[in-house]
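One structure below.
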Amino acid sequence: MRRRAFLEMAGGAILGSALPVAVSAQEAAAGQRPNILWITCEDSSPHLGCYGCAEATTPNLDKLASQGLRYDLAFSVAGVCAPSRSCLITGMYPTSLGTCHMRCNNPPPDHVKCFSEYLRNAGYYCTNNVKTDYNFPPPPTAWDDSSKTAHWRNRPDTTQPFFSVFNFTITHESQIGTLPDKMSEGNRALLVDPPHNPARVELPPYYPDTPLIRQHWAHYFDLLTAMDRQAGEVLRQLEDDGLAENTIVFFFGDHGVGLPRAKRWMYDCGLRVPFIVRWPGKFEAGSSTDRPVSFVDFAPTVLSIAGVTIPEHMQGSPFLGAAEKPAREYIFAARDRMDETYDMIRAARDHRYKYIRNYEPERAYDQYLTYPESFGVMQDMRRVEKAGELKGPELLFFRDQKPIEELYDTQQDPHELNNLAESGHHIDVLNRLRHAMDSWMTEVRDLGCIPEFALAEWLANRGSEAAPSQAQAYPQMSDSSRSIFSKEVNDYIGQLNSTDRIARLWAIKTLGILGKEVEPILIQALQETDSAVAFWAAMAFENYAPLSPEALDALRNAMANASTPVRIAAARTIYKVDGPESAVTVFLAGLEDPNAFVRLRAVEALDHLEITTTEVHTALERAALDKTEYVPRIAKHALTRW
């Protein structure tokens, strides 16, 4: 992020930058502004013929690649659609905007526009057909037309340059999980005969080799072929209109394949996407590049191509056009809440190595998540796991806990199975990627450390709220040799003693991973007036044993904290130590809280602790009727225990 924009965001100021100076449609058409067409698809890794995938039947996209430039290292910023799309439309990381949680509703600050608004102001006709899913409502000024009929053909002046988006959903997780006999008639009609042969597809090694999983994997390739037909039709319309030579075409997926361990995850199968650009006369036909590009780069790149000034708040680097910048060294990605399930993961990658940092290693990979659990692949994986028949890499997804750090050599280990984080041979690589991640999180002001129950208030103030004053400073630890993520414990204690609330929250979240080793720090943090600091401290106590008498006393006192989320977090540990009565009272009160994300934490605790009293059953039945989407999902799952 540019320095001025960073400081203004950090201070909560609203940038005074107006939209770029308008250019009339006539000036744009007469001048040199090309049309720009985006063809996007859902839940698709680079499983296309042009990427060397022998199983793929994708003639139209292969032809597009033969006419343009194939990007071999293109990445989403999240393993799921809505956070990724919030990045695509704004040119900013979802962790900066507060759009990092799946299907949240956090509008950006006033100075952050959908980048299509800048194009419209510069004379472009902008259409979107049809998905938005930006984690905030698109403003009316974003598009000339956003509908199922939106098309460049509808522009009133055929000389006006256009930016048009077509989103194809046939490859979505829901379709991969629905075999042809259960598909809608319209979607089934898109499939091509003969279908891909399940016996011939090559399964990733982390899936058990069962007939059903093979069937769904082959069906995914059938859907890719159907999507290829849809993309081909749009490209033919462009040719029929005589616009192909003056239109730059982007084709890409919104994140990786919609299957377990891929979608929602930080592995390449969840982040790496197919990306092809056809720019007539610009590239050698059929060329490829290993230049890393991130979704955060797409908005500034389109503005660069169109000759529109790139706003200072955008965090990406244009990789084409007049404002092209040098290639980035790293891509970054994040995972936060996915539907009803919390987790917190960050990733950094260079050309070769992927670094993953698990801020909540106590949460298993296979946490129950209602939506993917409704489809055959996850169900069959659970069946095989329950039967004790998993072997080798198939076991990775079902470990009780995650490692704190993961490091993979993506050239030697493309499926990211062999964790090198504890390999002494890779310490230099590990430290370099650790530093890159720390720098990025600091630069973009990563808001993932702000518990979601407090995020709306933070965003309303846009970071202007000062960190609450501490009763006393945190003392440095006498044994300063202990480190985590290559930084010493005392460095994090220094952050806790700062006035930067985001830095303080990341510090306590990180120290909480160490648990017993920093128990005095956690006890002190539990008594803070900053409920977010106290919440993360309370959550940390659950993950280690035995607790000291001082820690237990502090947790019992926290059960009377003014903050309901702090009480819930403390009660999770107290339930295991003191028994259910006092703790369950806290959880049941949390289910009545007006804040939906407090209710989500309360029902999550009841589910996680598997509490099956009659009183809890009644409360869960009420929670199953909650008017939000995600509280009922956990409540219904918890009720299956009765």
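The structure presented is a predicted model; accordingly, all values stated were derived computationally and were not measured. Atoms considered below: every heavy atom in the structure, side chains included; atoms not considered: hydrogens, waters and symmetry mates.
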(message) Tell me whether Arg70 is salt-bridged to Asp72, with the criterion being a basic N under 4.0 Å from an acidic carboxylate O.
(response) yes
(message) Would you say the ring centers of Tyr71 and Phe252 fall short of 6.0 Å from each other?
(response) no
(request) Would you confirm whether Thr169, through its side chain, and His172, through its main-chain N or O, come within 3.5 Å as a donor-acceptor pair? (result) no
(request) State the CD-CG distance between Gln215 and Asp222, to the nearest 0.5 angstrom. (result) 10.0 Å
(message) Between Arg349 and Glu416 (salt bridge meaning N to carboxylate O under 4.0 Å), is one present in this structure?
(response) no
(message) Please verify the inter-ring angle class for Trp143 with Phe163; under 30° counts as parallel, over 60° as perpendicular, anything in between as tilted.
(response) parallel
(request) Please check if the side chain of Ser374 supplies one atom and the backbone of Tyr371 the other of a donor-acceptor pair under 3.5 Å. (result) yes
(message) Is there a side-chain contact between Leu238 and Trp152 in this structure, where contact means two heavy atoms from C-beta onward sitting under 4.5 Å apart?
(response) yes
(request) Apply side-chain contact (heavy atoms from CB on, under 4.5 Å) to the pair Tyr118 and Val302, showing each step before the final yes or no. (result) CA-CA 10 Å; Tyr118 303 117; Val302 170; over 6 Å; no
(message) Could you tell me if Asp297 and Thr301 have a donor-acceptor pair between their side chains, going purely by distance under 3.5 Å?
(response) no
(request) Could you pull out the closest heavy-atom pair between Gln367 and Tyr342, with the gap in Å? (result) NE2-O, 3.1 Å
(message) Can a donor-acceptor pair be found, under 3.5 Å and without considering hydrogens, that links the side chain of Asn419 to the backbone of Leu407?
(response) yes
(request) Tell me whether the centres of the aromatic rings in Phe398 and Tyr365 are closer together than 6.0 Å. (result) no
(message) Can you give me the closest heavy-atom contact between Pro280 and Ala244, atom names plus distance?
(response) CG-O, 3.4 Å
(request) Using a strict cut-off of less than 4.0 Å between a Lys/Arg side-chain nitrogen and an Asp/Glu carboxylate oxygen, indicate whether Asp336 and Arg346 qualify as a salt bridge. (result) yes
(message) So, applying side-chain contact (heavy atoms from CB on, under 4.5 Å) with Ser76, which one of Ser294, Ser84, Pro83 is it?
(response) Ser84
(request) Applying side-chain hydrogen bond (donor to acceptor under 3.5 Å, both in side chains) between Asn167 and each of Asp254, Asn128, Thr132, report the one that passes. (result) Asn128
(request) May I ask you to decide if the ring planes of Phe250 and Trp38 are parallel, tilted or perpendicular, using 30° and 60° as cut-offs? (result) parallel
(request) Show the numbers, then the answer: is there a salt bridge (charged side-chain N to carboxylate O under 4.0 Å, His left out) between Glu233 and Arg236? (result) CA-CA 5 Å; Glu233 175 57 29; Arg236 277 188 287 277; 3.6 Å; yes
(message) Less than 4.5 Å apart, side chain to side chain, heavy atoms only: is that true for Lys63 and Cys50?
(response) no
(message) Determine whether a donor-acceptor pair (N or O, by modelled atom type, separation under 3.5 Å) exists between the side chain of Asn129 and the backbone of Lys148.
(response) yes
(request) Flag the pair His216 / Phe375 as yes when their ring centroid distance falls below 6.0 Å, and as no otherwise. (result) no
(request) Determine yes or no for a side-chain-to-main-chain donor-acceptor pair under 3.5 angstrom, with Thr247 supplying the side chain and Leu243 the backbone. (result) yes
(message) So that I know where these two stand, are Tyr206 and Trp265 an aromatic pair - ring centroids less than 6.0 Å apart?
(response) no
(request) Could you tell me whether Arg120 and Glu117 have a side-chain N and a carboxylate O separated by less than 4.0 Å? (result) no
(request) Check whether any side-chain heavy atom of Gln175 sits under 4.5 Å from a side-chain heavy atom of Met227, and report yes or no. (result) no
(request) Evaluate whether atom CD of Glu202 has more than 12 neighbouring non-hydrogen atoms of other residues, nucleotides or ligands under 6.0 angstrom away. (result) no
(request) Give, for atom CD1 of Ile248 and atom CD1 of Ile36, the distance between the pair rounded to the nearest 0.5 Å. (result) 5.5 Å
(request) Would you please indicate yes or no on a ring centroid separation below 6.0 angstrom for His151 and Phe166? (result) yes
(request) Determine, for Tyr267 and Arg261, whether the Lys NZ or Arg CZ falls below 6.0 Å from the six-membered ring centre while staying within 45 degrees of the axis. (result) yes
(request) May I ask you to test the Arg153-Gln237 pair for a side-chain heavy-atom distance under 4.5 Å? (result) yes
(message) Quick one, Arg291 and Leu73 - any side-chain contact, counting heavy atoms below 4.5 Å?
(response) no
(request) Work out which heavy atom in Ile176 is nearest to a heavy atom in Thr171; give both atom names and the distance. (result) CD1-O, 3.4 Å
(message) Using side-chain contact (heavy atoms from CB on, under 4.5 Å), reason through Val296 and Leu88 one step at a time and then give a plain yes or no.
(response) CA-CA 6 Å; Val296 76; Leu88 284 167; over 6 Å; no
(request) Give a yes or no on whether a salt bridge exists between Lys282 and Glu324, defined as a side-chain N under 4.0 angstrom from a carboxylate O. (result) no
(message) Once rounded to the nearest 0.5 Å, what's the spacing between atom CD of Glu406 and atom CG of Leu417?
(response) 11.0 Å
(request) For residues Thr309 and Leu303, report the shortest heavy-atom separation together with the two atoms involved. (result) O-CD1, 4.1 Å
(message) Using 0.5 Å steps for rounding, measure from the CG atom of Asp62 to the OG1 atom of Thr58.
(response) 3.5 Å
(message) Taking the ring centre of each residue, are Phe298 and Phe295 less than 6.0 Å apart?
(response) yes
(message) Once rounded to the nearest 0.5 Å, what's the spacing between atom CE of Met437 and atom CD1 of Ile356?
(response) 8.5 Å
(request) For the pair Asp343 and Arg264, find out whether any cationic side-chain nitrogen is under 4.0 Å from an anionic carboxylate oxygen. (result) no
(message) Looking at Thr341 and Leu369, would you say the former's side chain and the latter's main chain have a donor-acceptor pair under 3.5 Å?
(response) no
(message) Within the structure provided, determine whether Arg200 and Glu55 are in side-chain contact (heavy-atom separation under 4.5 Å).
(response) no
(message) Let me confirm one number: the CG-NZ distance from Leu396 to Lys402, rounded to the nearest 0.5 Å.
(response) 13.5 Å
(message) Looking at Arg382 and Asp366, is any side-chain nitrogen of the basic one under 4.0 Å from a carboxylate oxygen of the acidic one?
(response) yes
(message) Quick one: does any side-chain atom of Gln230 pair with a main-chain N or O of Phe168 as donor and acceptor, under 3.5 Å?
(response) no
(request) Over all heavy atoms of both residues, which pair between Pro198 and Val201 is shortest? Give the atoms and the distance, please. (result) O-CG2, 3.2 Å
(request) Work out which heavy atom in Ala82 is nearest to a heavy atom in Met102; give both atom names and the distance. (result) CB-SD, 3.7 Å
(request) Could you label the plane-to-plane angle of the Trp217 and Phe221 rings as parallel, tilted or perpendicular, counting under 30° as parallel and over 60° as perpendicular? (result) perpendicular
(request) Would you check, one step at a time, whether the test side-chain contact (heavy atoms from CB on, under 4.5 Å) holds for Asp228 with Thr57? (result) CA-CA 8 Å; Asp228 179 83; Thr57 309; over 6 Å; no
(request) Would you confirm whether Asn106, through its side chain, and Gly98, through its main-chain N or O, come within 3.5 Å as a donor-acceptor pair? (result) yes
(message) Assess whether a salt bridge exists between Arg357 and Asp438, defined as any Lys/Arg side-chain N lying under 4.0 Å from an Asp/Glu carboxylate O.
(response) yes
(request) Report yes or no: does Ser304 contribute a side-chain atom to a donor-acceptor pair with the main-chain N or O of Pro300 at less than 3.5 Å? (result) no
(message) Within the 4.5 Å heavy-atom criterion, are Asn135 and Arg85 side-chain neighbours or not?
(response) no
(request) Kindly indicate whether the side chain of Pro107, heavy atoms from C-beta on, has any atom under 4.5 Å from the side chain of Asn105. (result) yes
(request) Could you please spell out the steps behind the side-chain contact (heavy atoms from CB on, under 4.5 Å) verdict for Met183 and Leu191? (result) CA-CA 10 Å; Met183 292 177 71; Leu191 301 179; 3.9 Å; yes
(message) I'd like to know if Asp133 pairs up with Arg103 as an ion pair, taking the criterion as any Lys NZ or Arg NE/NH1/NH2 lying under 4.0 Å from an Asp or Glu carboxylate oxygen.
(response) yes
